[in-house]
Amino acid sequence: MSETRRKLTTIFCADVQDYTRLMGTDEEGTLASLKRCREAMGRLIESHGGRVINTWGDGLIADFPSVVEAVRAAVDTQNELAGFNARRPADGRMLFRIGINLGDVIVEGDDIYGDGVNIAARLQASAAAGGIVISSSVYDQVRNKVAVGFEFLGPLMVKNVDEGVPSYAVKIGDAKDETPPAQRSGSARPQPQPQPAAVIAADMAEASPAPRGRRLYGVLAVIAAVLIGINLLSWQGVFWARFPVLALAVVAALAWNRDQTLFNRKITSLAIVALGIAGINLFTWTGQFWAVWPMLGIAAVMGVRWSMRR
C-alpha cells in the first residue's frame, strides 16, 4: 500500500468552458485542441516548478511548492491559450477556467485529496471562461509579488466547509470585467458581469510586450549601434565591436526568454548559451570549430532535461 501523509501545497485546478458543446460540434478537432492546450499548460506548469497530478476528461489538477509560481503559471497559461484561441472561430475557442487554493491536503502516492482540493475545484468552476479565481490564502501570499490586479468577489460557499471561502478574481492585462458569475450566497456585494470570453481572448492576444522589455531592447540596440559607430569611425583594420555586440545579443535573448511562454525557459537558456559560444568561435575563427564540444555537452544536458519532463 502507498504511504499516506499530509502536506501544505498550492492546488491548481483547470477545466474547459462548454467542453460538452465543443465535443458535440467537432469531436476530433476538440480532442486535438485539448491535447495541444494541455501540452502547453503542462510545459508552463513544469517551467514554474509545478507538477501535473492528474487529468480527466477536460480537467487538470497540479500542485506547486510556491504560491507565487502557481499564480504566474496560471497567468502565463491564460495568456498563451488566448493567443491560440484568437486564431480560431468564436464558437470553436477552447477557454479554460482556473482555480488556485493554498491548503493542507492528504497525499497518497501521486494523488492528493481533501478540502484543499475541493476548494480549488470550486474556485475553478466559479471563474469566467479564460479567467482565474484564487482563494484568500493565495491572495495573501501573492498580492504584492505578482504584476496583476485582483478583485474581491466575496465568500464562496463550498460543500463540507462551514464558512464561505473569500475569493478574488485575477485581472489579466486589460480584461477589466473578467469576473466570475454571481453564484455565491452569504455576500451582499453586487457582482459585475463578466466580459465575453472572446473579447478577453482577443485583448490578451493583442497585448503588446511589457514597456520594461521594450526599453531594455531599445537600450541594448542603441549601445550596439554606438559601439559599431565608434569602431567604424576609429577603424584600424579590426572589427572589435563584434564581441560586445554578440554579448549584447545574448543579454537581449536571455531577457526575452525570461518573459516568453512558448518554450521551456531552462532549455531555451541553454540553447542561447550554445549559440553564443558558436558566435565566439566564428568571430575568432582559426580553421577549427572547437565550439562543437561545448555545444555537444549543452545538447546532451538539453536532451536529458527534455526526456525527464513529465
Side-chain angles (χ1 to χ4, degrees), residues 4 6-23 34 37-38 41-42 44-45 48 50-67 69-75 77-78 81 94-142 150-170 172 178-187 191 194 197 310:
T4 299
R6 303 192 72 97
K7 72 173 182 179
L8 181 67
T9 191
T10 308
I11 307 103
F12 174 113
C13 186
D15 82 349
V16 180
Q17 173 81 8
D18 293 335
Y19 181 71
T20 301
R21 176 186 62 80
L22 293 171
M23 285 293 288
L34 178 63
C37 291
R38 272 190 178 161
M41 191 178 299
L44 290 169
I45 288 171
H48 285 279
R51 174 181 68 104
V52 175
I53 294 174
N54 200 357
T55 59
W56 73 99
D58 60 321
L60 176 147
I61 289 184
D63 73 342
F64 291 78
S66 167
V67 186
E69 292 302 323
V71 174
R72 287 176 175 167
V75 172
T77 292
Q78 295 295 30
L81 297 185
M94 182 161 288
L95 298 161
F96 278 78
R97 302 171 301 192
I98 298 177
I100 304 176
N101 179 48
L102 172 64
D104 191 88
V105 299
I106 299 172
V107 181
E108 188 174 63
D110 291 330
D111 290 327
I112 58 176
Y113 306 89
D115 287 341
V117 180
N118 296 336
I119 291 172
R122 183 69 177 87
L123 292 167
Q124 165 268 307
S126 300
I132 306 166
V133 173
I134 63 176
S135 64
S136 59
S137 59
V138 173
Y139 172 78
D140 290 341
Q141 298 296 320
V142 305
F150 302 94
E151 181 175 353
F152 181 63
L153 301 174
L156 174 68
M157 302 311 297
V158 180
K159 184 178 180 181
N160 297 327
V161 177
D162 294 336
E163 298 181 358
V165 178
S167 57
Y168 294 79
V170 178
I172 307 174
E178 185 184 329
T179 306
Q183 297 179 347
R184 300 167 173 79
S185 60
S187 173
Q191 302 296 327
R310 287 180 61 89

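We count residues from 1, following the sequence as given. On a predicted model such as this, the values are computed, not experimentally measured, just so you know.
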Full working for side-chain contact (heavy atoms from CB on, under 4.5 Å) between Asp110 and Ile53: CA-CA 7 Å; Asp110 291 330; Ile53 294 174; 5.6 Å; no
Provide the closest heavy-atom pair for Ser126 versus Leu156 in the form atom of the first, atom of the second, distance. OG-CD1, 3.4 Å
To the nearest 0.5 Å, how far apart are NE2 in His48 and CG in Leu44? 6.0 Å
Is there a donor-acceptor pair closer than 3.5 Å between any side-chain N or O of Asn101 and the backbone N or O of Gly116? yes
Taking Ser167 for its side chain and Phe152 for its backbone only, find out whether a donor-acceptor pair lies under 3.5 Å. no
Side chain proximity check, Ile45 to Arg51, heavy atoms < 4.5 angstrom: no
Considering all heavy atoms of both residues, which atom of Arg97 and which atom of Ala125 are nearest to each other, and what is their separation? NH1-O, 3.8 Å
Closest heavy-atom pair, Gly103 versus Ile11, reported as atoms and distance to 0.1 Å, is N-CD1, 4.1 Å
Using side-chain heavy atoms (C-beta onward) and a distance below 4.5 Å, is Ile98 in contact with Gln124? no
Heavy-atom side-chain contact between Ser66 and Thr10 under 4.5 Å: no
When you measure from the side chain of Gln78 to the backbone N and O of Gly131, does any donor-acceptor pair fall under 3.5 Å? yes
With heavy-atom distances below 4.5 Å as the criterion, would you say the side chains of Val105 and Asp63 are in contact? no
Phe12 versus Met41: any side-chain heavy-atom pair under 4.5 Å? yes
Look up atom CD1 in Ile112 and atom CG in Asp104, then write down how far apart they are to the nearest 0.5 Å. 11.0 Å
Who are the salt bridge (charged side-chain N to carboxylate O under 4.0 Å, His left out) partners of Asp58, not counting sequence neighbours? none
Could you measure the distance from the CD1 atom of Ile134 to the CD1 atom of Ile119? Nearest 0.5 Å is fine. 13.5 Å
Only counting residues at least two apart or in another chain, list the ones meeting side-chain hydrogen bond (donor to acceptor under 3.5 Å, both in side chains) with Asp18. none
Once you measure the plane-to-plane angle for Tyr139 and Phe150, does it fall in the parallel (<30°), tilted (30-60°) or perpendicular (>60°) bin? perpendicular
Are the side chains of Cys13 and Leu123 in contact, using a 4.5 Å heavy-atom criterion? no
Of all the heavy-atom pairs spanning Leu102 and Ser137, show the shortest one and how long it is. O-OG, 3.2 Å
At their closest point, which heavy atom of Ser135 faces which heavy atom of Val165, and how far apart are they? CB-CG1, 4.1 Å
Spacing of Asp111 atom CG and Ile61 atom CD1 [to the nearest 0.5 Å]: 8.5 Å
Smallest heavy-atom separation, Ala129 atom then Leu95 atom, equals CB-CB, 3.9 Å
Does any non-hydrogen side-chain atom of Val71 lie less than 4.5 Å from one of Phe64? no
Heavy-atom check, side chain of Phe96 versus side chain of Leu60, under 4.5 Å: no
